[in-house]
Amino acid sequence: MDYNFQQIEKKWQKYWENNKTFKTPDDLTNPKKCYVLDMFPYPSGAGLHVGHPEGYTATDIYSRYKRMKGFNVLHPMGWDAFGLPAEQYAIQTGTHPSITTRNNCDTFRRQIKELGLSYDWDREINTTDPKYFRWTQWIFIQLYNTWFDNTLQKGRPISDLEIPENIKKLGKNEVAKYVDSLRLAYYDNAQVWWCPSCRIVCANEEVLNDGSHEKCGNRVEKKNLRQWMLRIHHYAERLLTGFENLDWPEGIKDMQRNWIGRSTGAEVDFGIQGLDSKLTVFTTRPDTLFGATYMVIAPEHKLTEIITTDACRDEVEKYVKATSLKSDLDRTDLAKDKTGVFTGRYAINPVNNKPIPIWVADYVLTGYGTGAIMAVPAHDTRDFEFAKKFNLPILCIQDPDVTDNDQKKRILEGNECWTEDGKYINSSDTSTGIDINGLNKEAGIKKITDWLEKKNLGKAKVNYKLRDWLFSRQRYWGEPFPVIHWEDGEITLLEEKELPLQLPELEKYLPGESGESPLANADKWLHVTDSKGRKGRRETNTMPQWAGSCWYYLRFIDPGNDEMIFDKVKEKYWMPVDLYIGGAEHAVLHLLYSRFWHKVLFDLGIVSTDEPYQKLFNQGMILAFAYESETGMKIPADQVLERDGKFYHSENGTELRQIVAKMSKSLKNVVNPDDVTSKYGADSLRLYEMFMGPLDVTKPWDDKGVKGVFNFLGRTFRFFANSENIFTGNEDPEILKGLHHLIKKVEGDIENLRFNTGISAMMIFLNLAMKKGKVSYETALTFSKVLAPYAPHLAEEIWQLLGNSRSLTYEPWPAFNEEYLKEDNFEYPVSFNGKTRFSILLPVSATKEEIISAVLADERAVRWLDGKTPSNVIVVPNRIVNVVIKN
RNA sequence: GCCCGGAUGGUGGAAUGGUAGACACGCAGGACUUAAAAUCCUGUGGCCAUAACGGCUGUGGGGGUUCAAGUCCCCCUCCGGGUACCA
């Protein structure tokens with residue numbers, strides 16, 4: 001009998017579909033539940049590539065295993081289908097994005113089904129479905145109607161917000177302003193990239209490194225537009241501490257920590273000569289105030305214009321304008337050569353009342369801290385660079401902890417920057433009474449901060465890099481905001497019962513001239529009038545793609561619910577997600593954004609857990625072989641010939657080097673899973689994806705490697721499908737030992753997501769069984785169950801051939817029996833001074849003394865001792881013997 | 001620059017501080033076949049060596065800890081990913 005994978009796989013896929021084998025159980029009384037989630041894909045026109053099934057296979061194995069362990073498993077799939085490509089295709093061809101999206105989803109669904117993944121397809125969701133995004137809009141309304149209570153560190157309904165009396169007095173408008181200033185969703189000016197030639201807003205990804213638009217090559221500019229923003233920064237601290245107890249890779253936690261970027265320091269107020277206002281800076285080193293010899297404010301800083309003196313105005317204005325035209329990259333490129341101009345104005349250093357010049361420079365960013373810094377060139381490398389270039393004074397205030405006298409001298413003279421610890425010098429002033437000389441960094445920070453607070457000149461402050469989230473896009477293909485802007489300036493949101501607000505049909509998907517979303521062209525949709533005849537205009541921005549993916553895991557719990565976002569009882573049962581697997585590219589943004597929404601929903605009592613994802617795992621990227629010539633030119637894979645393990649250019653015959661690179665269209669090294677399944681079958685694809693190496697590392701795809709697992713599956717089928725190899729009766733002890741070792745190994749490996757070694761254990765067992773020639777009926781049943789999570793089609797087929805009529809999906813996972821694993825003897829490796837020389841078979845029950853005497857009595861030991869007496873013999877029971885000889 | 005990973009045969013990889021190279025690919029030889037494919041069997045880190053044995057060496061480089069290091073510590077090199085002046 002041959003391994004006809006095509007027939008087998010088609011047959012079982014049909015069986016599973018017809019029997020709804022993977023339908024999520026409705027019974028919510030089973031205390032064992034497991035919610036296994038994949039990062040759902042964006043259904044691109046190119047279809048699935050082999051990177052997708054890597055994570056999907058891992059979660060599928062885990063889900064199938066958990067079902068056999070008696071868990072209620074929720075394992076759903078859906079589509080994150082809003083996005084730019086469908087919209088751009090619409091601009092080019094006029095095809096409505098919903099049509100493109102539907103086609104792409106159909107392709108993805110077909111491809112995924114052909115992999116035999118055990119999703120509950122009744123729960124399929126699509127972020128572009130109005131029945132879905134109705135609730136995305138609903139969540140936006142909740143965000144809009146929530147404020148963050150700093151004392152409680154918690155989001156609360158706007159209805160709970162107390163309006164201060166002094167604001168109430170100012171009237172309705174001021175009250176509304178006050179409330180708006182606290183909402184988690186707010187409407188404000190924000191900068192976007194704008195291509196003046198295409199008259200379109202560009203995403204960051206569309207702007208090339210040289211500041212040009214990737215589509216037309218023209219230079220993009222920054223443009224201010226009214227945008228929706230979300231106040232994620234309020235949640236910085238909770239986002240930082242929230243994952244401490246979650247089972248996430250440390251690397252991902254680190255990346256999120258860095259992204260949130262908590263730093264402690266102080267805000268310090270500097271007076272400004274000749275002006276009434278104050279210049280506030282944030283610093284992590286208030287202890288270095290005595291070393292502050294100048295100040296820098298960001299070009300975009302509110303005070304720039306006010307501070308600048310008439311004599312310097314031209315220069316400063318020119319500089320500010322030049323900065324605004326620079327792309328972020330230009331700004332960082334020039335990092336090596338700092339730029340800036342003097343404002344003509346001086347600030348007063350609060351510790352000694354000395355005037356220091358205020359400069360404008362683009363190395364200070366408006367979005368972080370207060371947008372202004374005090375510069376301490378002696379102890380900050382950036383300030384040092386700047387001071388050197390513009391000949392500003394450098395005053396060393398810390399005696400450096402260095403032994404090199406030359407270096408010490410350079411530092412003390414201000415010719416080298418010192419950023420480490422040391423005792424303070426030059427850090428006292430009799431007029432203000434502060435003195436930290438002689439202290440070290442930690443004590444210095446404390447003393448100065450206390451002094452500043454006492455004198456009301458500043459305060460201890462925690463700062464975060466995390467900035468508010470720009471939450472609108474000037475696009476058609478996204479969730480419309482349920483928002484109306486009225487002619488009198490009022491903004492209102494739609495009522496819950498008015499949702500979903502659907503997208504209008506359009507003739508053209510091009511944006512408006514001013515940078516407005518294409519929705520501005522939908523006249524009928526756009527204009528509204530209320531019952532009193534007041535005219536209004538709908539919000540024309542749409543939500544970013546993140547919106548749909550921020551909460552999809554919640555909708556899977558109750559996808560068909562038309563009454564509410566989901567049923568509370570079901571949510572309480574299924575949440576949190578027990579295992580979440582996806583690419584590391586979402587390590588920061590998606591995970592941070594969805595955690596933020598989840599925390600708001602938690603604060604509002606809508607969800608029952610503070611964090612959504614209990615265990616997170618990131619699969620590594622799958623790369624592919626690519627080829628390059630001696631000069632490093634990349635050659636498409638279809639122009640490469642292989643001869644005797646070497647690679648040649650098919651056109652000019654030159655030898656090429658095989659390298660490993662990301663799959664890309666231009667290298668023609670993209671592997672399509674359809675090609676693999678048609679040649680080797682879905683089980684082989686699944687197995688190979690898992691056999692390639694550990695799930696979390698990047699690894700190259702090698703078509704040749706698929707053969708290995710294909711051979712294994714073929715051998716498995718031929719062995720177990722042949723009734724001559726199966727007998728009834730007692731199993732051979734060696735097989736029994738191998739089988740129970742296998743169960744234990746595979747079980748442990750699935751629990752720890754180490755799928756590659758589980759497969760090799762199955763191969764080892766099959767090799768043993770084939771060597772023995774026969775296995776018992778019981779063994780065959782057990783083996784098919786162990787194989788089932790990995791290669792479900794083949795496992796079902798063998799299970800059926802063994803006489804079972806029902807699917808083995810819910811068969812209990814076999815229990816391993818330690819008794820069978822026990823050994824009578826152990827072959828001790830014997831080493832001399834750590835080098836293994838021979839091995840000796842001894843009973844596992846042997847005592848240390850017995851082992852030592854048996855080893856030393858061995859003639860080979862006599863030879864290695866060479867007449868010397870061992871100074872020590874290390875015996876690790878059932879592991880190793882090491883004889884130590886001192887020379 | 002900074003942060004996070006990583007480096008093991010021709011290749012993908014395995015190895016709770018305890019026999020390095022499991023398992024597989026590839027390759028070589030053999031069986032079957034008119035032949036090929038498929039399948040099955042044997043061998044396969046390198047070097048030396050044998051009738052058979054056996055020995056030396058070996059996890060990017062250099063130090064260290066240990067009875068024992070691919071694994072732990074320090075320094076260096078190279079590769080991959082992330083990030084961009086965060087005060």
Side-chain angles (χ1 to χ4, degrees), chain A residues 2-3 249-255 257-259 261-263 265 281-285 288 296 298 328-329 331-336 338 361-365 367-376 380-383 385-386 463-467 584-585 587-588 620-621 623 625 644-645 658 660 662 687-688 691-694 696-712 714-715 718 754 756-764 766-767 770 827-839 870-876 878-886:
Chain A
D2 233 13
Y3 173 40
E250 269 313 306
I252 302 296
K253 288 187 182 177
D254 261 341
M255 283 168 80
R257 279 187 202 111
N258 289 341
W259 193 266
R262 183 185 206 271
S263 60
V281 302
F282 172 71
T283 174
T284 55
R285 298 288 307 273
T288 60
V296 184
D328 281 358
L329 203 96
R331 267 172 95 151
T332 52
D333 251 7
L334 293 170
K336 280 150 205 148
K338 290 204 166 16
D362 64 6
Y363 81 94
V364 172
L365 307 173
Y368 183 76
T370 61
I373 61 157
M374 62 177 208
V376 185
D380 180 285
T381 48
R382 294 155 301 180
D383 298 343
E385 239 177 86
F386 191 84
N463 225 317
Y464 301 92
K465 277 201 268 184
L466 186 65
R467 289 180 223 171
E585 66 273 20
V588 179
M621 216 187 328
L623 306 176
F625 291 122
D644 305 326
Q658 190 182 52
V660 169
K662 271 188 195 178
L687 228 55
Y688 178 61
F691 189 59
M692 288 168 80
D696 57 342
V697 305
T698 50
K699 46 214 169 247
W701 180 273
D702 187 358
D703 272 326
K704 288 184 199 135
V706 186
K707 254 195 82 176
V709 292
F710 176 71
N711 287 345
F712 163 69
R715 275 145 46 99
R718 286 189 294 275
R754 290 191 310 237
N756 52 332
T757 46
I759 295 170
S760 94
M762 288 189 251
M763 289 171 169
I764 291 169
L766 181 70
N767 289 346
M770 287 179 73
E827 190 158 342
Y828 277 91
V830 180
S831 53
F832 289 78
N833 285 344
K835 289 196 177 186
T836 310
R837 295 306 180 183
F838 62 89
S839 59
S871 60
N872 194 7
V873 182
I874 309 279
V875 176
V876 185
N878 295 315
R879 199 148 283 267
I880 201 168
V881 177
N882 189 18
V883 182
V884 187
I885 311 165
K886 281 211 177 110

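Since this is a predicted model, take the numbers as computed values, not measurements. Convention: sequence-line order gives letters A, B, ...; per-chain numbering from 1.
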Tell me which nucleotide, if any, is Watson-Crick or G-U wobble paired with [N] when both distances must be under 3.5 Å.
N     : value
B:C2  : B:G82
B:C47 : B:G55
B:G18 : B:C67
B:A7  : B:U77
B:A87 : none
B:A28 : B:U42

Reckon [X] touches a base, only the sugar-phosphate, or nothing at all at heavy-atom distances under 4.0 Å?
X      : value
A:Y828 : nothing
A:I874 : base
A:V876 : base
A:K465 : base
A:S839 : nothing

Taking the [atom1] atom of each, how far is [N] from [M], in whole Å?
N     : M     : atom1 : value
B:A38 : B:G21 : P     : 30 Å
B:U34 : B:C41 : C1'   : 23 Å
B:G5  : B:U59 : P     : 24 Å
B:U42 : B:G63 : P     : 43 Å
B:A15 : B:A22 : P     : 12 Å
B:G13 : B:G9  : P     : 11 Å
B:G80 : B:U8  : P     : 14 Å
B:C32 : B:U11 : P     : 35 Å

It should be established whether [X] places a side-chain nitrogen or oxygen under 4.0 Å from OP1 or OP2 of nucleotide [N].
X      : N     : value
A:R837 : B:C56 : yes
A:R467 : B:C86 : no
A:N756 : B:A14 : yes
A:N711 : B:U39 : yes
A:K707 : B:G26 : yes
A:T381 : B:C85 : no

Result for 5'-nearest mapping on RNA chain B, choosing between A:P829 and A:P694, is A:P694
Taking the nucleotide of RNA chain B with the nearest heavy atom to each, does A:N872 or A:A761 sit closer to the 5' end? A:A761
Specify the separation, in whole Å, of atom [atom1] of [X] and atom [atom2] of [N].
X      : N     : atom1 : atom2 : value
A:D702 : B:G10 : CG    : P     : 17 Å
A:E385 : B:G1  : CD    : P     : 14 Å
A:D696 : B:G82 : CG    : P     : 17 Å
A:F832 : B:U19 : CZ    : C1'   : 14 Å
A:I252 : B:C3  : CD1   : C1'   : 13 Å
A:N767 : B:U42 : CG    : C1'   : 14 Å
A:K704 : B:G10 : NZ    : P     : 16 Å
A:F712 : B:C40 : CZ    : C1'   : 17 Å

Anti versus syn assignment for B:G9, with syn defined as within 90° of 0: syn
Interatomic distance, A:T836 atom OG1 to A:I880 atom CD1 [nearest 0.5 angstrom]: 5.5 Å
When rounded to the nearest 0.5 angstrom, what distance separates CG in A:L766 from CZ in A:R718? 9.5 Å
Nearest-nucleotide pick for [X], side chain only, options being [options]:
X      : options             : answer
A:T836 : B:C40, B:C85, B:A20 : B:A20
A:S760 : B:C23, B:U39, B:C67 : B:C23
A:N882 : B:C23, B:A15, B:G18 : B:G18
A:P700 : B:G12, B:G18, B:A14 : B:G12
A:R382 : B:C86, B:U57, B:C41 : B:C86
A:Y368 : B:C85, B:A87, B:C23 : B:A87

Between A:F386 and A:Y363, what is the ring plane arrangement, given parallel below 30°, perpendicular above 60°, and tilted in between? tilted
Under 30°, 30 to 60°, or over 60°: which ring-plane class applies to A:Y368 and A:F282, parallel, tilted or perpendicular? perpendicular
Side-chain donor/acceptor of A:R879 to base of B:U19, under 3.5 Å: no
Please lay out, stage by stage, how A:D383 and A:I373 fare under the test side-chain contact (heavy atoms from CB on, under 4.5 Å). CA-CA 10 Å; A:D383 298 343; A:I373 61 157; 3.6 Å; yes
Regarding A:Y3 and A:N711, is there a side-chain donor-to-acceptor distance under 3.5 Å anywhere? no
Side chains of A:R257 and A:D254 in contact at under 4.5 Å (non-hydrogen atoms): yes
Measure the shortest side-chain to side-chain distance between A:V706 and A:W701 over non-hydrogen atoms and say whether it is less than 4.5 angstrom. yes
Keeping A:K699 on the side-chain end and A:V697 on the backbone end, is there a donor-acceptor pair under 3.5 Å? yes
